[in-house]
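Numbered from 1 within each chain, the chains take letters A, B, ... in sequence-line order.
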Amino acid sequence: MGETSNLIQAGYILSAVLFVLGLKGLGKPRTAVRGNALGAAGMLMAVVVTLTDNKIVSFWQLGLGLVVGALIGGALATQVQMTGMPELVALFNGFGGLASVLVVGASFLEVRELPEDPSATFTLAAAATALIGAITFSGSVVAYGKLRESFGSFGFSSLRYVNGALMVVSLALGLLMLDMPKSVALIVALVALGFLLGVSSVVPIGGADMPVVIALLNSLSGLAASATGFALGNSLLIIAGSLVGASGLILTQIMCVAMNRTLSNVLFSAAPVAVEGADADETYVGKVTSTSADEVALLLENAERVAIVPGYGMAVAQAQHAVRDLAKALEANGTEVVFGIHPVAGRMPGHMNVLLAEAEIDYEKLIEMDVINSTFAQTDMTIVIGANDVVNPVARQENSPISGMPILDVDRSQTVVIIKRSLSPGFAGIPNPLFAADNALMLFGDGKEAVMAMTKALSELSNP
Amino acid sequence: MTFLIALTLFVLAIFLGIELISKVPPTLHTPLMSGSNAISGITLIGAVVSAGAEQTLLATWLGVGAVTLATINVVGGFLVTNRMLAMFSSRKTKKR
């Protein structure tokens with residue numbers, strides 16, 4: 001970007017400090033609100049000092065972009081329902097990635113007009129931004145569509161070779177740009193390949209793996225910004241982009257560990273196939289006990305400790321408020337209520353926590369998997385709502401698609417009630433012997449209605 | 001800025017990011033993600049210069065598009081994070 005004034009440099013340093021403090025604050029519940037505000041202040045500072053750049057000669061188009069962007073962003077952020085949060089995060093991610101592509105595109109056109117060739121750094125960084133930014137955008141749009149359930153997963157087993165080939169071609173084109181640094185065709189081809197790779201990589205990934213994908217796309221949007229910084233010679237873009245890239249990678253890693261899978265396994269293997277012998281009829285027939293809301297309420301009335309384990313099904317049924325009412329009713333009756341949260345429950349990292357927070361459930365009652373697992377043996381009743389694979393005891397055995405995945409040990413509580421529409425398998429496609437266990441009761445039906453019926457029955461029992 | 005300085009910044013920032021984030025409670029995973037996502041909208045400052053500089057019409061409009069998208073990312077990201085965090089914190093204050 002050439003010479004930047006001292007004022008701009010000073011502003012950028014301050015802004016980088018604010019981003020660091022902001023991210024640090026976001027890591028602790030007590031300081032998170034302030035952390036977010038610090039991050040926003042850093043961004044405002046960065047934009048304001050950039051406006052003093054003497055390269056800027058015309059303000060109206062720029063102002064137009066800022067106003068339109070702020071209106072759209074503000075509207076989306078204030079209108080969204082909490083259940084729609086994963087989609088929105090994915091969408092914002094994609095916009096950031098595409099913005100980086102456009103910035104580098106504009107810069108490329110400018111550099112092209114100069115008599116001399118651009119530096120190798122510019123060329124490689126521009127190529128990297130074009131590719132990563134485009135992957136981020138199209139990958140996020142596909143993730144958005146999947147989260148809205150506009151379309152499901154599809155793919156074929158050799159797709160990974162196609163993706164590998166696309167990746168090799170992209171790298172080759174990027175290197176070729178060193179020879180032809182002013183070729184518009186090459187950079188457009190890189191963007192196109194990026195779009196293709198984003199789609200073909202995310203399309204085959206199943207819903208339950210979405211938390212990994214969302215965290216990874218978050219990381220990529222940071223790396224795209226960082227690469228833009230290399231191209232423009234802008235220190236703040238490099239720093240802020242890398243910070244986000246790193247934090248996204250950490251989240252990706254946490255999600256992978258929570259599923260006992262490697263990142264490459266999530267990205268390159270198709271949906272797991274059911275293993276032989278794990279036959280649904282064999283597992284279930286004659287062993288499943290179904291129950292009713294009234295019966296569960298009778299058991300709940302005398303329970304001292306109840307654990308509620310939510311999964312993606314709770315989000316689909318929009319049952320979080322009904323769950324809150326049930327917890328309130330139980331507490332009014334003197335029962336201790338806790339929530340067991342699996343790290344990958346839902347469709348993005350922390351999904352269940354956000355939904356339950358929206359329903360005004362104190363976050364101190366949301367217990368992490370490692371902590372709550374040691375307490376299930378002292379729990380009178382565990383209510384599983386809309387979760388399946390994360391409570392499947394098969395994970396403790398060898399030779400199953402989910403072997404080794406950490407699970408919530410709900411089967412160790414005295415009674416387990418599973419609220420579910422049917423005995424259909426979860427994402428892993430395998431039957432869940434928990435449903436047929438001696439201490440398990442199936443409550444078939446819509447999650448929200450079932451929970452409301454339980455609350456009603458319970459309050460009739462306690463206030464006759 | 002030389003390539004070497006740029007690379008130094010990149011490597012240091014990656015390590016700083018890893019140190020900052022490595023111990024975040026699951027409750028904050030979503031807000032952290034959407035907050036850091038808003039920070040990745042920093043590409044906005046590159047976009048601002050592109051949209052305002054004197055250059056070809058196409059480059060200017062690419063810049064305007066970039067400003068719009070990046071602003072959606074930034075404004076929307078920080079606002080939505082704040083909304084989420086407000087849900088976490090309001091009960092804390094009510095209780096005390």
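- For the set Val89(A), Ile341(A), Thr78(A), the count of heavy-atom pairs under 4.5 angstrom toward chain B peaks at Thr78(A).
- With a 4.5 Å cut-off on non-hydrogen atoms, Leu66(A) touches chain B through its backbone and its side chain both.
- Here the closest non-hydrogen pair linking Gln61(A) and Val64(B) is CB-CG2, 3.4 Å.
- Within a 6.0 Å radius of CD in Glu54(B), other residues, nucleotides and ligands contribute 12 heavy atoms or fewer.
- Contact of Met352(A) with chain B is not made at all, since no heavy-atom distance falls under 4.5 Å.
- Side-chain atoms of Val103(A) and Val49(B), non-hydrogen and from C-beta on, never get closer than 4.5 Å to each other.
- In terms of heavy atoms, Gly63(B) sits closest to Ala106(A) at N-CB, 4.3 Å.
- Contacts of Phe230(A) with chain B are made by side-chain atoms alone, with heavy-atom separations under 4.5 Å and no backbone atom involved.
- Only the side chain of Glu368(A) comes within less than 4.5 Å of a heavy atom of chain B; its backbone N, CA, C and O stay farther away.
- Summarising the local packing, CZ of Phe59(A) is surrounded by more than 12 heavy atoms from other residues, nucleotides or ligands at distances under 6.0 Å.
- Within the 4.5 angstrom heavy-atom criterion, no atom of Val104(A) approaches chain B.
- In this structure, chain B has a heavy atom under 4.5 Å from the side chain of Leu88(A), while its backbone stays farther away.
- Contact tally against chain A (heavy-atom pairs below 4.5 Å) for Ile39(B), Leu32(B), Leu9(B): the top residue is Ile39(B).
- For the set Thr30(B), Val24(B), Val80(B), Val75(B), the count of heavy-atom pairs under 4.5 angstrom toward chain A peaks at Thr30(B).
- Ile14(B) touches chain A through backbone and side chain together, each having a heavy atom under 4.5 Å away.
- The greatest number of non-hydrogen atom pairs below 4.5 Å with chain A, out of Thr81(B), Asn82(B), Thr68(B), is found for Thr68(B).
- Contact of Val74(B) with chain A is made through the side chain alone, with heavy-atom distances under 4.5 Å.
- Rounding to the nearest 0.5 angstrom, the gap separating the CG atom in Asn73(B) from the CG atom in Leu98(A) is 11.0 Å.
- Side chains of Met84(B) and Met82(A) form a contact here, defined as non-hydrogen atoms less than 4.5 Å apart.
- Comparing Val68(A), Val80(A), Leu249(A), Leu223(A) by heavy-atom pairs within less than 4.5 Å of chain B, the highest count is held by Val80(A).
- Of the atoms belonging to Ser235(A), heavy atoms from both backbone and side chain fall under 4.5 Å from chain B.
- Among the candidates Ser34(B), Ala51(B), Ala38(B), the residue making the largest number of heavy-atom pairs closer than 4.5 Å to chain A is Ala51(B).
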Contacts table for residues 31-38 of chain A: side-chain donor-acceptor under 3.5 angstrom, sequence neighbours left out:
from     : atom 1 : to       : atom 2 : distance (Å)
Thr31(A) : OG1    : Gly25(A) : O      : 2.8
Thr31(A) : OG1    : Lys28(A) : O      : 3.4
Asn36(A) : ND2    : Phe78(B) : O      : 3.1

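- Annotation for Ser36(B) and Val244(A): closest pair O-CG2, 3.2 Å, computed over non-hydrogen atoms.
- For the atom pair Leu44(B) CG and Thr50(A) OG1, the distance stands at 8.0 Å (nearest 0.5 Å).
- The two residues Gly41(B) and Met43(A) have their closest heavy-atom pair at C-CE, 4.0 Å.
- Summarising the geometry, atom NZ belonging to Lys55(A) is positioned 7.0 Å from atom CD belonging to Gln55(B); distances are rounded to the nearest 0.5 Å.
- Every pair passing side-chain hydrogen bond (donor to acceptor under 3.5 Å, both in side chains) that includes a residue from residues 11-27 of chain B is listed here, sequence neighbours excluded: Asn353(A)-Thr27(B).
- Within a 6.0 Å radius of CG in Leu4(B), other residues, nucleotides and ligands contribute 12 heavy atoms or fewer.
- Annotation: side chain of Val354(A) is not in contact with side chain of His29(B) (no heavy-atom distance under 4.5 Å).
- Heavy-atom minimum distance, Leu20(B) versus Lys24(A): CD2-CB, 3.7 Å.
- Note that CG of Leu232(A) is 8.5 Å distant from CD1 of Ile45(B), once rounded to the nearest 0.5 Å.
- The most heavy-atom pairs under 4.5 Å with chain A, out of Val67(B), Thr60(B), Thr43(B), come from Thr43(B).
- Between chain B and the residues Gly241(A), Ser100(A), Gly222(A), the largest count of heavy-atom pairs under 4.5 Å involves Ser100(A).
- Residue Ile254(A) touches chain B through its side chain alone, counting heavy-atom pairs closer than 4.5 Å.
- Considering every non-hydrogen atom in both Phe10(B) and Ser226(A), the closest pair reads CD1-OG, 3.3 Å.
- Contact count against chain B (heavy-atom pairs under 4.5 Å) is highest for Ala99(A) among Gly97(A), Ala99(A), Ala225(A).
- With a threshold of 4.5 angstrom between heavy atoms, Ile250(A) approaches chain B through side-chain atoms but not through N, CA, C or O.
- Among the candidates Pro211(A), Gly350(A), Gly65(A), Ser58(A), the residue making the largest number of heavy-atom pairs closer than 4.5 Å to chain B is Gly65(A).
- Your options are Ser40(B), Gly17(B), Pro31(B), and the one with the most heavy-atom pairs under 4.5 Å with chain A is Ser40(B).
- Using a 4.5 Å cut-off between heavy atoms, Asn93(A) contacts chain B through both its backbone and its side chain.
- Taken to the nearest 0.5 Å, the CD atom of Gln79(A) stands 8.0 Å off from the CZ atom of Arg83(B).
- Looking at Glu113(A), only its side chain comes within 4.5 Å of chain B, counting heavy atoms on both sides.
- Heavy atoms closer than 4.5 Å to chain B are found in the side chain of Leu109(A), but not in its backbone.
- Taking the side chain as every heavy atom from C-beta outward, Leu26(A) and Leu28(B) never approach each other to under 4.5 Å.
- Interface residue Thr228(A): only side-chain heavy atoms are found under 4.5 Å from chain B.
- Of the listed residues (Ala16(A), Ala70(A), Gly63(A), Gly22(A)), the one with the most heavy-atom contacts under 4.5 Å to chain B is Ala70(A).
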